[in-house]
Amino acid sequence: MEYNFTDVEKRWQQYWKDHHIYHVDEIENRPKFYVLDMFPYPSGAGLHVGHPLGYIASDIYARYKRQKGFNVLHPMGYDAFGLPAEQYAIQTGQHPAITTKQNITRYREQLDKIGFSFDWDREFKTSDPDYYKWTQWVFIQLFNHYYCTKCQKAKPIAELQQHLATQGTNELHAAQSKPLSFTADEWNAKTETEQQNILLNYRLAYLADSWVNWCPKLGTVLANDEVVNGVSERGGFPVERKLMKQWILRVSAYADRLLKGLETVEWSESIKEIQRNWIGRSEGAFIRFQIDDKPATLDVFTTRPDTIFGVSFMVMCPEHALIEQITTAEQKAEVDSYVFWARNRTETERQTEVKKVSGVFTGAYAINPFNGEKIPIWVAEYVLSGYGTGGIMAVPAHDSRDYAFAKHFNLPIREVIAGGDITKEAFETKEGTCINSDFINDLPVKEGAKKVIEKVISLGIGYGTVNYRLRDAIFSRQRYWGEPFPVYYKNGVPYVLPEEELPLLLPEVDKYLPTETGEPPLARAENWKTKEGYPLESSTMPGFAGSSGYYLRYMDPHNPNELVSKKKNEYWQNVDLYVGGAEHATGHLIYSRFWNKFLFDINIVCKDEPYKKLINQGMIQGRTNFVYRIINTNRFVSFGLKDDYEVTPIRVDVNIVHNDILDIEAFKHWRPEFLDADFILEDGKYVCGWEVEKMSKSKYNVQNPDDLIERYGADTLRMYEMFLGPVELSKPWDTNGIEGVFRFIKKFWRLYHDKENNFAVCDDEPTAEEYRILHKTIKKIEEDNERFSFNTAVSAFMISVNELTDLKCNKRKILEPMSILISAYAPHLAEELWHLLGNTDSVVTADFPAFVADYLVETSTKYPVSFNGKTRLQRVFPADMSVKDIENEILKDSEVIKWLDGKSPRKIIIVPKKIINIVI
RNA sequence: GCGGAUGUGGCGUAAUUGGUAGCCGCGCUAGACUUAGGAUCUAGUGCCGAGAGGCGUAGGAGUUCGAGUCUCCUCAUCCGCACCA
């Protein structure tokens, strides 16, 4: 009997649990380190081999850091609110809490089998009332704060009220939905309800009518990042635009800080770039255009104020409030029908027909403030309501979209930047010289823009500004399975509940569907109102509510009085290493940063950024196997011969295929229709084809970690997942290679055992060579761990085990440190060996072995000798030999003389301890 | 279209600072052992060539004594964004 991983793994998992080995407390004099995995949504399908990839990497790092003397916080929990459990509840009538609980139990079992070092004492799920109490609490704080644009931080709404009561909107520096203007007297004269409505214009969590992504199939509104290519991210259902009253978070107020903060975090360049694009900062100007013959103005945002003399028409988005006011009687019918058509188009339609030009003339004109020219105002879909002001000044000569529009409707195109050929296409460069532009003629573009902005300011019709693409986040969902808003309505105006009344519990409902009148499911709950009888909000919060600040709660998970205590927050600070998928780049990772910055502003947390270092693990794709059935038969032809027949490829369960060879007997019993199938073989085997696809049940390519653990053990699975390649890289799962790692684990075990599998480690003094191997390994593992290069570390373990096996080394002074080194990777194996070595404590708490450089000092160096850069031979010289001496020696070498072939070297390059290159 | 990343044996990959390209593992070949197996061990395995040797890191050019690594161009693949004014 060799290494019995089943017994060993079970035994130590129990031991770790019984002895609370992974429990962590704050320890004042010990440096902290916080390692966090993006917490999982517990889906019904359980874990497949792709999920633990990141968890294994972070677990290795957490264990390593602990052995290096850090107090490591490494928690786990569940993002438990969400659509799948609710969809399932709608179908079956079963409460989503029950499904969620079952799924979590399954997840936990699977996670436990892999041997993670999570501190489960800190576990929570977002659907626990003790947890969502704090999600609701943060919402109340957001509601009670506004963003001061002058001091660039959140401030209490009471201060804003004070300001309005004494100065009105004068000198007000607040992020707002729309600019308002009134005096203190006007404010004070307003009713309570009127004032509350106005305050919504400034609150960081506010209620507003806005054009939202409405998904009828899911019966809810979605945030921008939840809509992908015009369909819902979950389920892939169509999304429409709809004007609805919704809770919204004023994320846009933090756009600039979210952008700047990226410079302070250690994230991959690609993910920072995705966030930068999503935030989409652009510099330009707001300019107000007077409408001809009307007491109205049209505001535009432009990044190219330098092209103001090239404006030949204006465009408003179909949602623009001004349309009704300025459209002329003659144009009204046409405009109405266009606007109706455009507003009711789905996101998908819009996006697939981007190249199609459409629009309609309003009949109204604006006046160019710089030359008094009358310019026609159009309505067109290509101008978006959510960006800038919803209106643009069109400069067809220097913007390709305006150009296409002008060509289509035969509008004038006027060149104002020299250098292009506007008869062919728009000339969009930002380097160039202004022409046909009055007082900015001959100026470079940048100078021209500056001058125009100065003029705009002096005319009092605008200002230079920065605009962001980042939009406020819709925060309401018309669903059941989420956090209830701690909000009630009085006179139609929202108020938040007092903090003492939290948590506001999710009520029971008879059905998880909207009411007959189209209200969200919570409206079905009996008595869904406050003690005083005011109706409560019936929407719930979105999935990202609970995941935005969860990292904080792990610091102080059971605190009933605070989200996190000041003391514990100051100890744990923020996440040192965050591991998770790159798909959260524009969702969770933005919201979470926003949420944290707000909590920083109100002095709840001590760090401005939540996640210092981020690693995005790659996706593990499935490797699907195919068999080939000859058309109209039950005959299957092997991969290499299939081209001689007309065949249908059929996906086959990867679990009955080994190294692409089909287990024919298993195949016959896989499905009844294959029972009497026959086969055309090559070399007596049926060879399957393969393809890389997403891992999914329907493709029969799912590899379940439990099966692999049963066959090879958790340590093998852990090391194999790391061995596949760099953590960040996406790669197809291929079980074939796992045998190699399995052999390695057994070989490692055999170092400590004799042929009869008796533990046999001796106390002899190791040789210099054995010490060299050990310290080379210590150095390598330490370096690789530090740079998250776990694949190369596994390979380094294999090399040293091969070398120690060759030396038949079974010496304690080598093998004991080796067991510590490998414990982060193969904790069960390491713990067993550690105890066999006579230790009574856990290897988890052992110190990482100290590297001693002396053991690696070489007395001689083997030099590759190359001629014109091509390596020809090798020569050994003492390590301390001078360059001059080496040169003399090498030229006497008979082999070198042979390669010189009678010529004399032009130059000899000798890099000490590296290389000798002879140039002929 | 814009932005980012990647490209190395049959396969997954390695080469940390410009210094012997292919470590480690899979697969494959041959052999040993064996109550035949999806176990273990030994040797070999980038390509061409009998060999000497030649070629070789997507392709092309360049810098350098020396390039997988640096620069420029081209191609391919993946990811993100996409009427963002």
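A, B, ... follow the sequence lines: proteins, then strands. Residue 1 opens every chain.
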Select base, sugar-phosphate, or nothing to describe what [X] touches, counting heavy atoms under 4.0 Å on all strands.
X: Ile799(A); result: sugar-phosphate
X: Val383(A); result: base
X: Val911(A); result: base
X: Leu724(A); result: sugar-phosphate
X: Asn791(A); result: sugar-phosphate
X: Arg875(A); result: nothing
X: Arg471(A); result: base
X: Pro726(A); result: sugar-phosphate
X: Arg276(A); result: nothing
X: Ile271(A); result: nothing
X: Asn802(A); result: sugar-phosphate

Heavy atoms from C-beta onward define the side chain here; which of [options] lies closest to that of [X]?
X: Lys907(A); options: rC65(B), rU40(B), rU20(B); value: rC65(B)
X: Thr792(A); options: rC65(B), rA85(B), rA14(B); value: rA14(B)
X: Thr303(A); options: rA15(B), rA85(B), rU20(B); value: rA85(B)
X: Lys746(A); options: rU16(B), rA39(B), rG38(B); value: rA39(B)
X: Glu273(A); options: rA14(B), rC24(B), rG3(B); value: rG3(B)

*Which stems, defined as runs of 3 or more consecutive Watson-Crick or G-U wobble pairs with both pairing distances under 3.5 Å, involve RNA chain B?*
B:1-7 with B:75-81, B:10-12 with B:24-26, B:27-32 with B:40-45, B:46-48 with B:53-55, B:58-62 with B:70-74

*Indicate whether any N or O donor in one side chain lies under 3.5 Å from an N or O acceptor in the other, for Thr735(A) and Tyr712(A).*
no

Quote, to the nearest angstrom, the [atom1] distance that separates [N] from [M].
N: rU71(B); M: rG4(B); atom1: P; value: 14 Å
N: rG27(B); M: rG38(B); atom1: C1'; value: 14 Å
N: rG46(B); M: rA21(B); atom1: C1'; value: 10 Å
N: rU63(B); M: rU69(B); atom1: P; value: 15 Å
N: rG56(B); M: rG10(B); atom1: P; value: 16 Å
N: rU57(B); M: rC47(B); atom1: P; value: 15 Å
N: rU17(B); M: rC70(B); atom1: C1'; value: 13 Å
N: rC24(B); M: rA15(B); atom1: P; value: 14 Å

_I'd like to know whether Arg276(A) forms a salt bridge (charged side-chain N to carboxylate O under 4.0 Å, His left out) with Glu273(A), so could you lay out the CA-CA distance, the side-chain angles of the two residues, the decisive distance to 0.1 Å, and finally the verdict._
CA-CA 5 Å; Arg276(A) 283 189 199 110; Glu273(A) 199 56 33; 2.9 Å; yes

Distance in angstrom units between [X] [atom1] and [N] [atom2], rounded:
X: Lys755(A); N: rC33(B); atom1: NZ; atom2: C1'; value: 13 Å
X: Asn785(A); N: rU16(B); atom1: CG; atom2: P; value: 18 Å
X: Phe748(A); N: rC24(B); atom1: CZ; atom2: P; value: 18 Å
X: Phe867(A); N: rC65(B); atom1: CZ; atom2: P; value: 18 Å
X: Glu739(A); N: rG38(B); atom1: CD; atom2: P; value: 10 Å
X: Lys913(A); N: rG19(B); atom1: NZ; atom2: P; value: 17 Å
X: Lys914(A); N: rU69(B); atom1: NZ; atom2: P; value: 18 Å
X: Asp399(A); N: rC83(B); atom1: CG; atom2: P; value: 13 Å

Which one of [options] satisfies the side chain to side chain contact (heavy atoms under 4.5 Å, CB included) criterion with [X]?
X: Ile461(A); options: Val456(A), Asp299(A), Thr297(A); value: Val456(A)
X: Phe877(A); options: Ile890(A), Ile910(A), Thr861(A); value: Ile890(A)
X: Tyr64(A); options: Ile781(A), Asn785(A), Asp784(A); value: Asn785(A)

*Of Pro732(A) and Ile738(A), whose nearest nucleotide on RNA chain B comes first from the 5' end?*
Pro732(A)

*On RNA chain B, nearest-nucleotide positions of Phe301(A) versus Trp278(A): which is more 5'?*
Trp278(A)

*asked:* Quick check on rG9(B): syn or anti? Syn means the glycosidic torsion is within 90 degrees of zero.
replied: syn

Would you say [X] places a side-chain N or O within less than 4.0 Å of OP1 or OP2 belonging to [N]?
X: Arg743(A); N: rU40(B); answer: yes
X: Ser282(A); N: rA85(B); answer: yes
X: Arg469(A); N: rA85(B); answer: no
X: Arg872(A); N: rG54(B); answer: yes
X: Lys862(A); N: rU20(B); answer: no

*asked:* Between the side chains of Glu858(A) and Lys913(A), is the shortest nitrogen-to-carboxylate-oxygen separation below 4.0 Å, so that they form an ion pair?
replied: no

*Looking only at non-hydrogen atoms, find the nearest pair between Met818(A) and Phe748(A) and report the distance.*
O-CZ, 3.8 Å

_Show the nearest heavy-atom pair for residues Tyr686(A) and Ile664(A), with the distance to one decimal._
CB-CD1, 4.1 Å

*Classify the side chain of Lys780(A) versus the base of rU16(B) as yes if they form a donor-acceptor pair under 3.5 Å and no if they do not.*
yes

*Decide yes or no, distance alone: a donor-acceptor N/O pair under 3.5 angstrom between the base of rC65(B) and the side-chain of Asn917(A).*
yes

*Geometric cation-pi criterion Arg593(A) and Trp278(A), 6.0 Å radius, 45° cone*: no

*For the pair Tyr403(A) (side chain) and Ile413(A) (backbone), establish whether a donor and an acceptor sit closer than 3.5 Å, ignoring hydrogens and angles.*
no

_Passing candidate, ring pair (Phe, Tyr, Trp, His ring centres under 6.0 Å) with Tyr720(A), options Trp733(A), Phe742(A), Phe790(A), Tyr825(A)_ = Trp733(A)

